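Not measured: the values here are computed from a predicted model. Letters A, B, ... are given to chains in the order of the sequence lines, protein chains preceding strands, and every chain is numbered from 1.
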Amino acid sequence: MSVAQHQSGATWDLLARVAAGSGEGEEPVILRELLAFSLAGDRYAVPVERVREIVRMRQLTPVPRVPAEILGVISLRGEIVQVMDLRMRLGVEVSDSSRTSRIMVLHGDEGAVTGLLVDTVSEVLRVPEEAFRPAAAGEAEFVTDLCEHDGHFVSILSVERVLNVGS
Amino acid sequence: MASGGKGRADSKAQQEFVSEAEDILERMRDDLSAVAEATQSGDETDPDVVNRLFRSAHSLKGLSGMFGFQAMSDLAHHLEDLLDGLRMGRVQLSAAGIALFDESMGVIAAVLADPGSETVTASAEREIHAIIERIEAWNRDPTADPDAGQGGSQLPDSLLRALTEYEEHRLRESQRRGKGIYVVDVDFEIASFEEGLGEISAAIKEVGEIISTLPSPGDTPDSHIRFSLLTATQLSRADLATRLDLPEASIAVGDPPREPSEGPGSSTAESEPGEIEAPATEHATHEQTTLKSISDTVRVDIKKLDELMNLVGELSIQKGAIRRLAHKLGIDPATARAGAELEKMHRSLERKLQELQAGVLEVRMVPLRQVFDKLSRVVRRLRLDLQKEVELEIHGADTELDKLIVEELVDPLMHIVRNAFDHAIEPAGERERAGKAASGRIRIEALQRGNDVVIAVSDDGRGIDARAVLERARQRGLVPADAELTTKEALDLVFLPGLSTREAVTETSGRGVGMDVVRSNIAALGGMVDIESRTGEGTTITIILPITLAIIQALIVGVGDHRFAIPLNSVRETLLVDLSEVQRSEGRELLNLRGEPLSLRHLSEEFRLSSRNRDGKQYVVVLGMGDARMGLIVDRLEGQQDTVIKPIQGPIREVRGIAGATELGEQGAVLVLDVAALVDDLGRRGDA
Amino acid sequence: MSRILIVEDSGTMRSLLVQSLEALDPGLKIDEAQNGFEALRLLPRQPYDLIVTDINMPDINGLELVSFVKGNAQYASIPLIIVSTEGSDRDRDKGLELGADAYLVKPFDPAELHRVAADLLASRGD
């Protein structure tokens with residue numbers, strides 16, 4: 001199942017607005033694709049190219065001697081992949097996984113992948129680069145930028161920082 | 001000394017016999033597949049293949065007679081006769097005939113699988129007699145040898161004298177068909193003739209047939225050898241010479257080709273009654289096998305390869321110990337130099353070890369062709385049994401997989417193909433009403449993708465109605481009544497055990513018989529199954545498998561809700577001890593193991609797990625690494641299992657005490673203990 | 001010491017032949033070829049005192065091999081035994097016509113092979 005199928009009407013509205021605002025003959029708009037998801041009611045996103053696949057919650061095997069945010073490992077077609085609880089990682093209120101919970105499987109370093117447990121995966125956003133606003137320095141540990149979408153802010157996460165648990 | 005074969009055959013010889021007979025059988029099956037495909041598509045059967053079949057039956061007859069398998073020898077004799085008729089053109093092969101061969105192969109395989117068993121032999125004999133009767137019935141009614149032509153008068157006598165009866169027949173047959181008959185003379189150095197001969201033979205086979213290869217002394221007999229290739233082809237001498245890049249003078253003409261009087265399509269073989277006319281299919285390309293001498297290969301028992309693999313595994317553990325020692329030395333400035341040296345050696349050892357592992361793995365690889373050929377046989381059989389027209393298309397038969405995986409794949413794939421044939425593909429009438437071709441199509445494609453092999457089985461049948469599947473799953477309480485699923489998720493439900501019964505979805509969706517078994521079989525191989533389907537258009541089932549299984553035997557133990565795997569090669573023994581036997585020294589728990597102190601550790605404490613300690617009794621797994629021993633206390637022993645150790649991917653690179661993980665079917669991932677680290681840690685605590 | 005070349009594509013049959021001949025005289029040197037090509041390569045390398053060959057083999061059949069050996073001044077004097085599964089009479093006749101010295105039918109009686117081989121080797125020794 002491709003994530004691109006989730007593209008909603010809202011995205012096209014945005015595109016339309018961008019197109020109308022930019023006018024003809026001006027330099028082309030660069031769009032960035034983001035996979036949006038929710039976490040404790042807030043909206044987050046990661047660059048779509050970092051996402052390998054999205055799977056449902058499945059049999060999780062806990063691993064001893066690891067930080068608490070590593071919930072354990074799952075078997076993904078025979079690959080053994082660590083799953084991280086993103087709520088715990090970001091320090092937001094922790095809750096049990098629900099029916100809409102999904103594991104986003106992200107490309108990490110050196111071909112390895114990591115699973116990230118999130119509440120609900122919603123859609124792929126196509127956002128013009130100009131709409132990005134850098135997150136306030138010092139305030140955000142994992143968020144690099146914010147972008148406005150449908151009247152809400154979407155926090156864009158740095159995959160590197162999120163996955164950098166070891167240090 | 002006993003005369004006759006059987007008495008002389010010791011058990012080693014019998015083993016050799018069985019393995020050679022199995023080889024012959026496998027080759028016959030391959031060749032039979034090729035013949036069947038040609039028959040089905042109306043192509044001329046390759047005479048080389050038919051002749052090889054004949055030779056195989058002939059060898060099998062001789063071998064089994066020699067080793068006292070009389071019934072098998074009789075059957076092979078009858079098959080030989082039949083094949084002789086076929087290669088001599090006296091008999092035409094029909095689908096029913098091929099099925100007869102398939103059955104014969106099956107019976108022989110059954111005898112070979114258990115050559116010592118009297119019951120197998122007895123029941124096989126009954127079957128063999130039944131098959132022989134049918135062969136005899138068929139042989140009584142052969143199609144007459146179609147008018148044999150005249151012997152080639154212009155051919156050199158030396159050549160004609162060395163022709164076997166079969167080769168004489170091929171010569172007459174080619175003359176009858178109006179082909180040109182030539183003698184191609186080539187001269188090679190004795191030391192390297194095979195390569196040159198192989199090239200020219202291959203070139204001739206592209207345009208015709210080599211009836212006979214007669215060697216004779218070369219121009220300088222000490223160092224050269226000459227071959228006269230008796231060749232039949234439609235080409236003129238000039239064209240043949242151009243084609244082979246030889247001077248015309250080295251090609252002698254026996255008979256020039258007649259003008260082709262009949263078009264290639266008009267020479268239809270007579271159909272046996274009951275033969276099913278199947279339309280032409282795009283077949284798996286049976287690439288020309290190389291002419292490389294068989295003497296360069298050896299047969300190896302796969303168990304020996306497993307042993308080698310285990311050795312490699314053990315070496316990796318030793319390598320880990322060396323690395324730890326290098327670290328230890330590196331910390332102390334006095335030994336840092338030696339530590340660095342050792343670290344360097346460790347790295348080079350690691351590289352060599354990886355090469356060794358890759359080498360052993362490569363030896364285990366076999367092409368999927370053998371499984372796919374079995375599938376074509378099944379489809380041929382089903383075509384006969386169900387009187388349904390279905391074409392089988394095979395691609396990527398040369399894709400290689402670990403031999404063990406290939407063997408385990410037979411059942412699941414068979415199941416999938418049967419399902420597709422039986423349930424998914426609609427009867428011809430229904431297909432035509434839906435605007436589809438009357439004959440159904442099953443396509444099997446294999447390809448390698450990174451470290452995985454992907455096998456996709458698609459059909460163009462009625463497809464699966466995801467709604468119907470979901471509805472059925474709800475009725476059975478397999479999903480909550482309010483569950484909202486995507487089409488994909490609904491389709492995945494066919495893999496649930498409760499749904500995979502015949503009445504569940506067969507009528508509505510045409511699929512689902514035993515798919516749960518297929519999934520668990522594939523999962524046990526470390527693979528996964530996926531399904532895609534469109535109503536009315538067909539279904540694709542995709543299997544993704546690791547290319548190889550680096551298999552180790554593991555002991556599965558349990559602590560509380562947790563399970564762990566311990567590589568069996570580091571388990572010395574397991575004990576059930578009473579708590580009262582456990583003694584203490586400086587807070588460490590000890591056990592008196594036949595007079596030696598054995599340090600104990602609780603796995604629950606080591607990994608901070610809640611354990612369900614039973615009163616009084618404890619299981620102790622005695623681990624050994626070199627001379628060091630330790631006892632690991634666990635709640636349960638859950639048995640032994642063949643497992644594949646996989647690395648754990650993710651942000652945490654290394655977990656002390658965990659070597660990796662393995663998938664245990666439905667139980668998901670199970671962590672594999674790093675025994676070397678556990679033993680090492682115990683020692684370190686002891687030092688402190 | 002006598003040297004024998006066995007040409008046979010079946011490994012099992014080959015080891016049976018070797019066993020039988022070794023029983024005749026453990027000091028015999030026995031070379032094995034799996035097919036006609038190998039035999040062609042081995043022939044010029046060693047002086048053989050006896051050739052034992054199968055008929056049904058891929059690439060070059062036994063008759064073709066007999067024709068080569070007996071039609072070649074270098075080798076024509078080497079005695080040659082055909083050991084083949086009872087085939088057609090014509091193939092047997094042809095083999096003998098081409099100059100084979102004996103024809104044994106598989107499954108062969110080892111005693112018969114001994115007798116024939118010993119005779120042929122002895123005649124060569126004369």
Side-chain angles (χ1 to χ4, degrees), chain A residues 1-3 5-6 52-86 89 99-100 102-117 120-121 159-167, chain B residues 450-452 480 482-489 492 522-530 532 542-546 549 559-564 603-604 606-609 644-658 660-673:
Chain A
M1 181 172 45
S2 142
V3 282
Q5 286 166 2
H6 289 278
R52 192 182 80 177
E53 61 186 309
I54 297 159
V55 298
R56 304 186 139 239
M57 194 58 194
R58 55 187 68 200
Q59 180 102 27
L60 194 71
T61 304
V63 180
R65 296 174 169 177
V66 293
E69 54 263 45
I70 303 295
L71 294 174
V73 294
I74 54 169
S75 168
L76 211 57
R77 297 184 295 274
E79 277 182 278
I80 309 291
V81 177
Q82 293 171 27
V83 175
M84 182 193 285
D85 187 340
L86 191 57
R89 181 69 177 143
R99 213 159 52 86
T100 57
R102 291 291 184 275
I103 297 170
M104 291 194 319
V105 182
L106 301 183
H107 291 288
D109 297 336
E110 295 166 12
V113 294
T114 303
L116 223 53
L117 182 67
T120 308
V121 175
V159 173
E160 280 73 23
R161 289 187 216 163
V162 169
L163 296 189
N164 190 12
V165 188
S167 58
Chain B
N451 277 326
D452 291 330
D482 62 342
E484 286 179 23
L485 300 181
T486 64
T487 310
K488 177 97 187 64
E489 287 164 344
D492 278 342
I522 300 294
L525 295 172
M528 61 91 71
V529 197
D530 196 23
E532 277 171 66
T542 308
I543 296 174
I544 301 175
L545 289 161
L549 293 170
V559 175
D561 292 326
H562 305 272
R563 267 190 199 86
F564 295 92
L603 190 55
S604 57
E606 202 79 358
F607 286 161
R608 296 173 194 279
L609 311 166
V644 184
I645 302 188
K646 300 271 179 69
I648 297 178
Q649 303 189 49
I652 307 295
R653 293 294 167 84
E654 215 177 328
V655 180
R656 186 76 183 160
I658 303 292
T662 183
E663 190 179 11
L664 280 193
E666 297 297 301
Q667 299 167 20
V670 170
L671 302 175
V672 180
L673 297 187

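No other option in B:His562, B:Arg608, B:Glu654 has as many heavy-atom pairs under 4.5 Å with chain A as B:His562.
Annotation: the span from A:Glu79 atom CD to B:Gln649 atom CD amounts to 4.5 Å, rounded to 0.5 Å. Taking OG1 of B:Thr662 as the reference point, atom CD1 of A:Ile80 lies at 6.5 Å (rounded to 0.5 Å).
Checking side-chain atoms of A:Thr61 against main-chain N and O of B:Ala669 turns up a donor-acceptor pair under 3.5 Å.
Scanning all heavy atoms of the two residues, the minimum distance from B:Val655 to A:Pro64 falls at CG1-O, 3.4 Å. In terms of heavy atoms, B:Gly668 sits closest to A:Gln59 at CA-CG, 4.2 Å. Nearest heavy atom pair, residue B:Leu671 against residue A:Val63, reads CD1-CA, 3.9 Å.
The part of A:Arg56 that comes within reach of chain B is its side chain, from C-beta onward, which places non-hydrogen atoms under 4.5 angstrom from that chain. Interface remark: B:Ile648 contributes backbone and side-chain atoms alike to the contact with chain A (heavy atom separation under 4.5 Å). Of the two parts of A:Val83, neither the backbone nor the side chain holds a non-hydrogen atom closer than 4.5 Å to a non-hydrogen atom of chain B.
Across A:Gln82, A:Met84, A:Arg65, a single residue satisfies side-chain contact (heavy atoms from CB on, under 4.5 Å) together with B:Ile652, and that is A:Gln82.
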